[in-house]
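If you're wondering where the values come from, they're calculated on a predicted model, not measured in any experiment. Letters A, B, ... mirror the listed sequences (proteins, then strands); counts begin at 1.
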Amino acid sequence: DTAVSQTPKYLVTQMGNDKSIKCEQNLGHDTMYWYKQDSKKFLKIMFSYNNKELIINETVPNRFSPKSPDKAHLNLHINSLELGDSAVYFCASSRFDRRGEEGYTFGSGTRLTVV
Amino acid sequence: DAKTTQPPSMDCAEGRAANLPCNHSTISGNEYVYWYRQIHSQGPQYIIHGLKNNETNEMASLIITEDRKSSTLILPHATLRDTAVYYCIVRPTLRGGSEKLVFGKGTKLTVNP
C-alpha cells in the first residue's frame, strides 16, 4: 500500500563510513526527489530525477551521489559521512497531468545520525 | 529562499476553524499557492493549491485575495490530529519536467482539547 517507501527508517553510523538510503515509489510517477531536513527543521531539496535523468542538483557535496536505476527507484549513497550529515532525509515523487496536478508525495523519512 | 511569510505559531481549539495566513506579496502571475503540512516525524503532506480562485477539498479551503498577495488556509473543524507545521509555498506548475518545493519556516499549529 505504501506509496513512497524509504529504507532504512533509522541509520546510526560512525564518521567516515559510507552508507546508502533506498527509495521506491509505486505511484507511477516520473520524477523523484531527495530532500534534507536538518536539526533546525529546515527542509531543502538536494536532488531530483526525471525518468532516470538528473534534473536538479542543489550544491550538494559530491560525497552525496544519487542513483536512479529506473523510474520507480532513487537511492542516495553518502561517502565519508560527517557529523553535519546528521538529518532526516525525505524521498518524494511527483507527476504532472493535463490539469497540472502533481500528486507530490513524500516518504516517511530516514533519520541519519552520524556519531 | 522562500517567497512566503507565515506566523511562526498559532493555537486553535478543537472543533473550531483554524485560519492560517500567508503573505506572498511578490507572487508572479504564473505562480500557484500550495499548502503542505508536516505532522511530527512524518513526511510533508499535500493539502491544497490554487491560482486565483478559492479552492476547497476534503481537507481544507484556500482563500486567495483578489490581488493574490496573500492567502488563508482554513481547516473548518480542527482536530487534535491537525496539529502540525503548515507550509505555504508559491511556485509555478509546469507540464512535464520537475519542480522543487522551497519550504520556509511554516506555521506550527497546535490544536488544543
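Proximity to chain B (any heavy atom under 4.5 Å) is shown, for A/Glu53, by neither the backbone nor the side chain. Neither the backbone nor the side chain of A/Lys44 comes within contact range of chain B; no heavy atom of the residue lies under 4.5 Å from a heavy atom of that chain. For a residue to count as touching a neighbouring chain, one of its non-hydrogen atoms must lie under 4.5 Å from one of that chain's; by this rule A/Gln6 does not touch chain B.
Of all heavy-atom pairs between B/Tyr87 and A/Lys41, the closest is OH-O, 4.0 Å. Shortest non-hydrogen contact noted between B/Gln38 and A/Phe90 is NE2-CZ, 3.5 Å.
At a threshold of 4.5 Å between non-hydrogen side-chain atoms, the residues B/Lys100 and A/Glu58 count as touching. Between A/Thr105 and B/Tyr46, the closest side-chain pair of non-hydrogen atoms is not below 4.5 Å. At a threshold of 4.5 Å between non-hydrogen side-chain atoms, the residues A/Phe106 and B/Gln45 do not count as touching.
At least one donor-acceptor pair closer than 3.5 Å links the side chain of A/Tyr35 to the backbone N or O of B/Leu101.
Hydrophobic clustering of Ile, Leu, Val, Met, Phe, Trp and Tyr side chains at less than 4.5 Å, counting indirect connections, keeps B/Tyr86 apart from A/Phe42. Note on A/Leu11: it clusters hydrophobically with A/Met46, by side-chain heavy-atom contacts below 4.5 Å among ILVMFWY residues. Both A/Ile78 and A/Met32 are part of a single hydrophobic cluster, where members link through side-chain heavy atoms under 4.5 Å apart. One hydrophobic cluster, built from ILVMFWY side chains closer than 4.5 Å, cannot hold both B/Leu73 and B/Ile63; they sit in different ones. By the criterion of side-chain heavy atoms lying less than 4.5 angstrom apart, applied directly or through intervening Ile, Leu, Val, Met, Phe, Trp or Tyr residues, B/Val90 is not grouped with B/Val102; the two fall into different hydrophobic clusters.
Within a 6.0 Å radius of CZ in A/Arg63, other residues, nucleotides and ligands contribute more than 12 heavy atoms. Counted within 6.0 Å of NZ on B/Lys105, heavy atoms from surrounding residues, nucleotides or ligands total 12 or fewer; the atom is thus considered open.
Rounding to the nearest 0.5 Å places CD of A/Gln37 at 9.5 Å from OG of B/Ser41.
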Yes or no on side-chain contact (heavy atoms from CB on, under 4.5 Å) for A/Tyr104 and B/Tyr36, after CA distance, side-chain angles and deciding distance? CA-CA 10 Å; A/Tyr104 221 115; B/Tyr36 285 78; 3.1 Å; yes

